[in-house]
Amino acid sequence: MLKGMTRLFFRVHKLDPGRFLHIGTQVPQSLAAHLDNQVSIESLRPISRTSENDPAKHEEQHEGQHYNLPLQDMKTIFPHGLPPRFVMQVKTFNEACLMVRKPALELLHHLKSTNFAHPAVRYVLYGEKGTGKTLSLCHIIHFCAKQDWLILHIPDAHLWVKNCRDLLQSTYNKQRFDQPLEASFWLKNFKTANERFLSQIKTQEKYVWNKRESTEKGSPLGEIVEQGMTRVRNATDAVGIVLKELKKQSSLGIFHLLVAVDGVNALWGRTTLKREDKSPVAPEELALIYNLRKMVKNDWEGFDTLDPFIPILVSNYNPKEFESCMQYYLENNWLQHEKAHTEEGKKELLFLSNANPGQLERLCAYL
Amino acid sequence: MAVSCVSCGGVPSCRLFLGVRVSLAPRQALWKASTIELQTVSRCQILRLRHTTVVTTKKNVAALRRETYTVDFIKKQIEEFNIGKRHLANMMGEDPETLTQVDIDRAIAYLFPSGLFEKRARPIMKHPEQIFPKQKSIQWGEDGRPFHFLFYTGKQSYYSLMHDTYGKLLNVEKHKNQLQAKDLFSEKAKTKDLIGSRWLIKEELEEMLVEKLSDQDYTQFIQLLERLLAVPGGATGEEFVQRFRRSVTVQSNKQLIEPVQHDKQGRAFSTSHGKRKSAKAEAVVYECGSGGVQVNGMDYLLYFPVTQDREQLMFPFHFLDRLGKHDVTCTVSGGGRSAQAGAIRLAMARALCSFVTEEEVEWMRQAGLLTTDPRVRERKKPGQEGARRKFTWKKR
């Protein structure tokens, strides 16, 4: 690909030396236009990118290719959802590219063919460490955002279950504990992600916060969110209310709802949190977790007939995807080692990482 | 016969011999374990088979030297050794006529099993020539006049050897000149195989001459010998020179190659073991595969999360350029993470030998892939905190 780029450079230069100064900004667009020409000339080279940026149109032919996520979209859709290493990579490359992979495609296919009259289906993306579950989830979320769904995205349930600084006793229910920090943080991100829905959805009940404040029935959801953000003590309850409302209203058909939880194991595992008398806290006693569990449980209206969930395995890269990933890194000049271009270098990396995306990324970071 | 600790004159220095010799009394069939006794000798002892006479002088020159052995003493030792050999053969049920040193060693190891780590401390039975060190005899006669004409050089054997060698060189050159004069000289480059043999090292030459040499002396001698060899057509010279060459073993390590087996589906595979520190591994390498490795039933990426261990596993394949071609299944136990990785690496390299040419096996051996790492954990010693670390030293 690099050869092609330099050739193009010279061509542009020869054509119009007067516009030399503008070449920097012009080249990307002309690259995109000439990409197809290059492809036809060097059709043997594997392509790592695709120009198809809309997840709705991703098909099997795009498998293994990277598509570009506009940075603006990233800020609105994923205020908190991406894994930290990916965020670093985005910052370094100045662009966000996700690879289209089979598990994501499968899920997309299922989602496209969901019948909203039926009760909600649950999917579980599972797999070994570092195989790409979180990024596949982000792909799905991008698709849903483009389709104008309401996205309820909990970036990492593990964050709610460990290393929490302050645990308050819940005002609503004496046995449970509140986590004001995490809840307010999440509410903020939720607001950025789903701005337009907050004014549309109306509450169906009256909620009393304390002696002085209450929210009337029929007020927009945005108010609840604001309440939670300003009154940090009630943030957890605000979250609970949001979840409850959305669950109740999802079957009305005004909006499509996607609940995406990363790290679902945390909801049922152990917590590392302790009370003041050093006795451990069970997950049920955390209000956030309790509400989330209700959300994820299959007691939505009319759920008895459906399966518990549909599992989707996310595995390591297959050879084509591996090649594509290497191409992507090489294009971005990420691999500085001389041997990285060669076949032996690729074989070495393949063996060392065993085609695991996470491991490969860590290895390439050193090169 | 007991192991004797001989000391001369008034200096009762006793040296204990580590080589315990088995002796058998000819009358009885039993043997006794040897004892150590002290013997003081008043007279000077005479050693090698030289025409020396016993000199009774008050001043014992030999007293300043190490212990000396009489010729008779050595002769008696040799006789006893031979008799002992026959008795040993009788005991072991072998033929006394054809008993070699190897057989003797084996028999002694069988009869006197020893758990000592130092091989030189174990019981040995060897010819007295090898046990008692060669020593110089008295070099002058009754009148005080030395026997050898080069005595006053200080290193008489060395200089006499140099003299002889130079004489040989001159003879060979004279011979060559004569042949050339008669035009019978033929340029047969009859260079004998110098490959496979090496010159004597300085220590060996010193042992041969029973004299101390300096480095320059040694190099001079070797250069003279090479000059002798350089003269073409010197057959006699070569025989003389061969006395000063020792053979060198070419093949240092013949690698044991595992046989290739076939399993039920007809796939070719080969198994072998490896160990490192206290980890033991067994690897089964299949010939055709895609480069996946299974360790104890798990994927190697999950079993070895550290990149360093996976690099160790990669080493044999990467060295032979066969990265994606073999499938491996292995079991490993014991040791720590690094030791297990090393053990699997050794096992895989050994198993790969059966799929690979002889040359590549030699390369692997030279790369160190086929050698068991002998490093083991050193024991902690009493009085120290660890194997090497001492306790904090306090001045007071």
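Just so we're on the same page: letters track the sequence lines, and every chain starts at 1.
- Interatomic distance, A:N316 CG to B:L301 CG, rounded to the nearest 0.5 Å: 6.5 Å.
- No more than 12 heavy atoms of other residues, nucleotides or ligands sit less than 6.0 Å from atom NZ of A:K91.
- The neighbour count for B:R377 CZ, taken as heavy atoms of other residues, nucleotides or ligands under 6.0 Å away, does not exceed 12.
- Going from atom NZ of A:K347 over to atom CG of B:D321 covers 6.0 Å, rounded to the nearest 0.5 Å.
- Of all heavy-atom pairs between A:L352 and B:T307, the closest is CD2-O, 4.3 Å.
- Residues A:E348 and B:E311 are not in side-chain contact: their nearest non-hydrogen atoms beyond the backbone lie 4.5 Å or more apart.
- By the 6.0 Å contact criterion, NZ on B:K380 is enclosed, its count of non-hydrogen atoms from other residues, nucleotides or ligands being greater than 12.
- In this structure, NZ in A:K129 is found 9.0 Å from CG in B:L302, a value given to the nearest 0.5 Å.
- Atom NZ of A:K162 has 12 or fewer neighbouring heavy atoms from other residues, nucleotides or ligands inside a 6.0 Å radius.
- More than 12 heavy atoms of other residues, nucleotides or ligands shown are found within 6.0 angstrom of CD on A:E63.
- The 12-atom threshold is not exceeded at OH of B:Y110, counting heavy atoms of other residues, nucleotides or ligands nearer than 6.0 Å.
- Taking non-hydrogen atoms and a 4.5 Å limit, the residue list of residues 94-101 of chain A in contact with chain B is empty.
- Counted within 6.0 Å of NZ on A:K274, heavy atoms from surrounding residues, nucleotides or ligands total 12 or fewer; the atom is thus considered open.
- Ring centroids of B:Y300 and A:F351 are separated by less than 6.0 Å, placing the two rings close together.
- Atom NZ of B:K275 has 12 or fewer neighbouring heavy atoms from other residues, nucleotides or ligands inside a 6.0 Å radius.
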